[in-house]
S.K.: 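Please see the structure below; I have some questions.
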Amino acid sequence: QVQLVESGGGLVQAGGSLRLSCAASGRTSRVYVMGWFRQAPGKEREFVAAIRWSRGNTNYADSYADSVKGRFTISRDNAKSTVYLQMNSLKPEDTAIYYCAASSGIVIVTTTSGYHYWGQGTQVTVSS
């Protein structure tokens, strides 16, 4: 099993920045893809960003939803088994609960069904 714990959410004004963290524990050696999804009230959970790495912690690849490209950056700290989501130029439409997810697969997928482990979520609210 893999446990995921998110942190870093909060309230920010439009144009501001936040950095979310997702700390993984447990059988993390089986995880090669981690991602972020978000869910706004009354909407489906949607893909935000994901990062993939090779068994030797090299050859990173990442992917972003069109709505966040150029504003959000996903990264990983190998030593801490932590993935980050740096969110800049935030907009009110970015308001949602953000969930961290991990996959035992080896390719990045953008659907919720492709992830096996989920965090509890962290609220991000962007005021106009």
S.K.: Please confirm whether the backbone N or O of K80 pairs with a side-chain atom of T82, one donor and one acceptor, at under 3.5 Å?
M.R.: yes

S.K.: Does E6 use its side chain to pair, donor to acceptor, with the backbone of T122 at less than 3.5 Å?
M.R.: no

S.K.: Can you check whether I97 reaches F37 side chain to side chain, under 4.5 Å on heavy atoms?
M.R.: no

S.K.: Does the pair M34 and L4 meet the rule for a side-chain contact (heavy atoms from CB on, under 4.5 Å), with working shown?
M.R.: CA-CA 10 Å; M34 289 183 68; L4 304 173; 3.8 Å; yes

S.K.: Under 3.5 Å, which donor-acceptor pairs do the side chains of residues 8-19 form with other protein atoms, sequence neighbours left out?
M.R.:
{"residue": "S17", "atom": "OG", "partner": "N88", "partner atom": "OD1", "Å": "2.9"}

S.K.: Are R76 and Y60 in a cation-pi setup, meaning NZ or CZ lies under 6.0 angstrom from the ring centre and within 45 degrees of the ring axis?
M.R.: no

S.K.: Please tabulate, for the side chains in residues 100-107, all donor-acceptor contacts under 3.5 angstrom to protein atoms that are two or more places apart in sequence or on a different chain.
M.R.:
{"residue": "S103", "atom": "OG", "partner": "G105", "partner atom": "N", "Å": "2.9"}
{"residue": "S103", "atom": "OG", "partner": "G114", "partner atom": "O", "Å": "3.1"}

S.K.: Is the shortest side-chain heavy-atom distance between K69 and S63 below 4.5 Å?
M.R.: no

S.K.: Mind checking the CD-OG1 spacing from Q39 to T112? Nearest 0.5 Å is all I need.
M.R.: 9.5 Å

S.K.: Evaluate the criterion side-chain contact (heavy atoms from CB on, under 4.5 Å) for residue pair Y32 and I108; output intermediate values, then yes/no.
M.R.: CA-CA 9 Å; Y32 296 101; I108 289 176; over 6 Å; no

S.K.: Do V33 and Y84 sit in one hydrophobic cluster, given that two such residues count as connected whenever their side-chain heavy atoms are within less than 4.5 Å of each other, even indirectly?
M.R.: no

S.K.: Mind checking the OH-CG spacing from Y64 to L85? Nearest 0.5 Å is all I need.
M.R.: 8.0 Å

S.K.: Check whether V109 and I74 end up in the same hydrophobic cluster, where Ile, Leu, Val, Met, Phe, Trp and Tyr are linked by side-chain heavy atoms less than 4.5 Å apart.
M.R.: yes

S.K.: What is the distance from atom CD of E93 to atom OG of S128, rounded to the nearest 0.5 Å?
M.R.: 10.0 Å

S.K.: I'd like to know if the side chain of R71 and the backbone of S89 have a donor-acceptor N/O pair within less than 3.5 Å.
M.R.: yes

S.K.: Take S25 and Q1, measure what side-chain contact (heavy atoms from CB on, under 4.5 Å) needs, and give me the verdict at the end.
M.R.: CA-CA 9 Å; S25 61; Q1 285 285 354; over 6 Å; no

S.K.: Angle between ring planes, W118 versus Y99, binned at 30° and 60°: parallel, tilted or perpendicular?
M.R.: perpendicular

S.K.: Go through the steps to decide whether L90 and F72 satisfy the test side-chain contact (heavy atoms from CB on, under 4.5 Å), and finish with yes or no.
M.R.: CA-CA 9 Å; L90 282 161; F72 292 10; 3.8 Å; yes

S.K.: Looking at SG of C22 and CG of D77, how far apart are the two atoms once the value is rounded to the nearest 0.5 Å?
M.R.: 12.5 Å

S.K.: Whether the side chain of Y98 engages the backbone of V48 through a donor-acceptor N/O pair (distance < 3.5 Å, no angle test) should be reported.
M.R.: no

S.K.: Name all residues meeting the side chain to side chain donor-acceptor pair (under 3.5 Å) criterion together with Q123; count only those two or more places apart in sequence or in a different chain, and write none if there are none.
M.R.: T125

S.K.: Quick one: does E46's side chain get under 4.5 Å of R38's, heavy atoms only?
M.R.: yes

S.K.: Closer than 3.5 angstrom, by distance alone: can the side chain of T95 be matched with the main-chain N or O of P92 as a donor-acceptor pair?
M.R.: yes

S.K.: Can you establish whether the number of heavy atoms outside E44 located under 6.0 Å from its atom CD is more than 12?
M.R.: no

S.K.: For residues M87 and V124, determine if any side-chain heavy atom of one lies less than 4.5 Å from a side-chain heavy atom of the other.
M.R.: yes

S.K.: Could you tell me whether D94 and K91 have a side-chain N and a carboxylate O separated by less than 4.0 Å?
M.R.: no

S.K.: Kindly state whether the ring of W36 and the ring of F47 have centres lying under 6.0 angstrom apart.
M.R.: no

